[in-house]
Engineer: 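Provided herewith is a single structure, encoded as structure tokens, for subsequent inquiry.
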Amino acid sequence: MKKLSAIALVFVLAFSTILGGCSSSKESASSASSQSEDASLDYIMDKGELIVGLDDAFPPMGFRDDDNNIVGFDIDLAKEVGKRMGVEVKFQPISWEAKEQELASKNIDCIWNGFGITPERQEALTISAPYMANPQIYVVLADSGIKTEADLKDKVVAAQSGSTAYATIDKNTELKDSFKEFVGVEDNVKALMDLEVGGSDAVAMDTVVARYYMAKEPDKYSIIEDTTIFDEQMGVGFRKGEEALCQKVEDTLKEMKKDGTLAKISEEWFGEDLTIIGE
């Protein structure tokens with residue numbers, strides 16, 4: 001498994017509310033009473049299993065290796081958290097478009113696979129403090145001649161359906177209407193394959209994924225510089241109101257940050273520590 005040798009990224013927080021962690025400001029007034037009724041952590045500890053919902057075609061966060069095993073940065077994080085909590089972690093591939101429904105129906109216990117924090121998701125779910133920054137950007141073929149977002153006028157732009165990049169562009173009517181076509185695809189891997197064969201002119205996607213593929217094939221792709229679709233940060237998503245479980249996972253990640261475990265895992269995948277939780 002080829003891992004990234006280096007990624008030099010320095011990012012600024014886009015939303016101050018993201019720093020709040022598991023409890024939102026609107027919930028803080030009633031947190032004491034709600035937590036007394038919150039059995040989410042007991043539910044996981046009693047069954048001894050944490051089911052993680054993920055997109056298994058999202059390298060390097062979570063994907064299938066050559067032996068069809070699910071591997072990745074987020075996979076290693078979740079396994080270590082589960083180990084410290086004393087529960088088994090089970091990885092459940094899901095449709096990314098249906099991730100919230102999978103969570104609501106209890107087919108999974110959390111969404112943990114490059115899950116971007118947005119105001120809309122914070123309204124619908126309980127989300128941990130961010131542990132990594134991951135701006136959404138455009139990827140084009142290196143020889144495309146496309147250098148700026150303005151160059152995408154009358155071009156076909158693709159993004160993974162259900163992703164933050166897709167949602168952000170879909171809401172920006174002026175930008176979306178400037179494209180010849182804006183299409184949703186199943187996953188980032190397929191999006192890059194379509195880009196390669198001319199099915200699209202650009203892919204709106206996660207920086208971490210883009211850098212991963214650019215490291216593997218440095219002469220094939222390029223990033224439209226100085227353009228950020230959304231200054232995304234990653235967190236772990238839970239059912240709304242499941243503060244106890246969220247807090248336990250968040251506290252464990254902070255513990256791993258403090259003792260150097262997060263840095264070690266990040267360096268294995270990215271060549272440097274890109275984690276931000278607890279800073």
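All figures in this text were calculated on a predicted structure; none of them were measured in a lab.
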Engineer: Going from CG on Leu262 to NZ on Lys254, what distance comes out if it is rounded to the nearest 0.5 angstrom?
Structural biologist: 12.0 Å
Engineer: Looking at Val140, is its backbone amide N or carbonyl O close enough to the side chain of Ser144 to form a donor-acceptor pair, meaning the two atoms are under 3.5 Å apart?
Structural biologist: no
Engineer: Could you tell me which non-hydrogen atom of Val89 sits nearest to which non-hydrogen atom of Ala78, and how far apart they are?
Structural biologist: CG2-O, 3.4 Å
Engineer: Kindly compute the distance separating CG (Asn188) from CE (Met193), expressed to the nearest 0.5 Å.
Structural biologist: 13.0 Å
Engineer: How about Ile276 and Pro130: do any of their side-chain heavy atoms sit closer than 4.5 Å?
Structural biologist: yes
Engineer: Taking salt bridge (Lys or Arg N to Asp or Glu O under 4.0 Å) as the cut-off, I'd like each qualifying pair that reaches into residues 143-166, sequence neighbours left out, listed once.
Structural biologist: none
Engineer: Working note: Met256 + Lys264, criterion side-chain contact (heavy atoms from CB on, under 4.5 Å); need CA distance, chi angles, decisive distance, verdict.
Structural biologist: CA-CA 10 Å; Met256 290 163 58; Lys264 181 180 178 181; over 6 Å; no
Engineer: Go through the steps for Asn113 and Asp55 under the test side-chain hydrogen bond (donor to acceptor under 3.5 Å, both in side chains), then give the verdict.
Structural biologist: CA-CA 7 Å; Asn113 187 211; Asp55 168 8; over 6 Å; no
Engineer: Scan residues 94-103 for pairs that pass side-chain hydrogen bond (donor to acceptor under 3.5 Å, both in side chains), counting only residues two or more places apart or in two chains.
Structural biologist: Glu102-Asn107
Engineer: State whether a side-chain donor-acceptor pair under 3.5 Å links Asp206 with Gln136.
Structural biologist: yes
Engineer: How many angstroms lie between atom CZ of Phe230 and atom CG of Asn172, to the nearest 0.5 angstrom?
Structural biologist: 13.0 Å
Engineer: Sequence neighbours left out, what passes salt bridge (Lys or Arg N to Asp or Glu O under 4.0 Å) with Lys90? Give chain and number order.
Structural biologist: none
Engineer: Is any side-chain heavy atom of Ile108 closer than 4.5 Å to one of Val52?
Structural biologist: no
Engineer: With a 4.5 Å cut-off on side-chain heavy atoms, are Ile70 and Arg64 touching?
Structural biologist: yes
Engineer: Do Val139 and Met214 pass the side-chain contact (heavy atoms from CB on, under 4.5 Å) test, and can you show the C-alpha distance, the side-chain angles, and the key distance before you say yes or no?
Structural biologist: CA-CA 10 Å; Val139 175; Met214 288 177 69; 5.5 Å; no
Engineer: For a quick check under 3.5 Å, do Tyr131 and Asp74 share a side-chain donor-acceptor pair by atom type?
Structural biologist: yes
Engineer: For the NZ atom on Lys47, are there more than 12 heavy atoms of other groups (residues, nucleotides or ligands in this structure) within a distance under 6.0 Å?
Structural biologist: yes
Engineer: Ion pair present between Glu242 and Arg239, side-chain N to carboxylate O less than 4.0 angstrom?
Structural biologist: yes
Engineer: With clusters defined by side-chain heavy atoms of hydrophobic residues (ILVMFWY) lying less than 4.5 Å apart, directly or transitively, does Val189 cluster with Val156?
Structural biologist: no
Engineer: Run the numbers on Asp76 and Glu80 for side-chain contact (heavy atoms from CB on, under 4.5 Å), then give the verdict.
Structural biologist: CA-CA 6 Å; Asp76 289 348; Glu80 181 63 22; over 6 Å; no
Engineer: Could you report the tightest heavy-atom contact between Ser128 and Cys22, atom names first, then the distance?
Structural biologist: CA-SG, 4.2 Å
Engineer: Do Lys176 and Val157 come within less than 4.5 Å of each other through their side chains, counting heavy atoms only?
Structural biologist: no
Engineer: For Arg121, what residues pass the salt bridge (Lys or Arg N to Asp or Glu O under 4.0 Å) criterion, not counting sequence neighbours?
Structural biologist: none
Engineer: Please find the pair of heavy atoms, one from Gly72 and one from Phe63, that lie closest to each other, and give the distance.
Structural biologist: CA-CE2, 4.1 Å
Engineer: May I ask you to decide if Ser40's main-chain N or O and Asp38's side chain share a donor-acceptor pair within less than 3.5 Å?
Structural biologist: yes
Engineer: Could you tell me whether a side-chain N or O of Ser178 sits under 3.5 Å from a main-chain N or O of Leu175, the two making a donor and an acceptor?
Structural biologist: yes
Engineer: Should the heavy atoms of other residues, nucleotides or ligands under 6.0 Å from CG of Asp226 be counted, would the total exceed 12?
Structural biologist: no
Engineer: To the nearest 0.5 Å, how far apart are CG in Asp201 and CG in Leu195?
Structural biologist: 8.0 Å
Engineer: Could I get the full list of salt bridge (Lys or Arg N to Asp or Glu O under 4.0 Å) partners for Lys106, not counting sequence neighbours?
Structural biologist: none
Engineer: Can you tell if the side chain of Asp56 reaches within under 4.5 Å of the side chain of Phe91, non-hydrogen atoms only?
Structural biologist: no
Engineer: Under 4.5 Å between any side-chain heavy atoms of Leu192 and Tyr221, yes or no?
Structural biologist: yes
Engineer: Side chains of Phe115 and Met234: closer than 4.5 Å at any heavy-atom pair?
Structural biologist: no
Engineer: When you look at Gln233 and Asn134, which way does the side-chain contact (heavy atoms from CB on, under 4.5 Å) test go after all the steps?
Structural biologist: CA-CA 5 Å; Gln233 294 180 317; Asn134 178 43; over 6 Å; no
Engineer: Measure across Gly116 and Thr164 and return the closest heavy-atom pair with its distance rounded to 0.1 Å.
Structural biologist: CA-OG1, 4.1 Å
Engineer: Determine the minimum heavy-atom distance between Ile51 and Gln92, stating which atoms define it.
Structural biologist: CG2-CB, 3.8 Å
Engineer: Can you check whether Thr275 reaches Lys257 side chain to side chain, under 4.5 Å on heavy atoms?
Structural biologist: yes
Engineer: What closest approach, in Å, do Leu77 and Leu253 show between heavy atoms, and which atom pair accounts for it?
Structural biologist: CD1-CD2, 4.5 Å
Engineer: Using distance only, find each side-chain donor-acceptor pair of residues 179-186 under 3.5 Å and give its atom names and separation, not counting sequence neighbours.
Structural biologist:
none

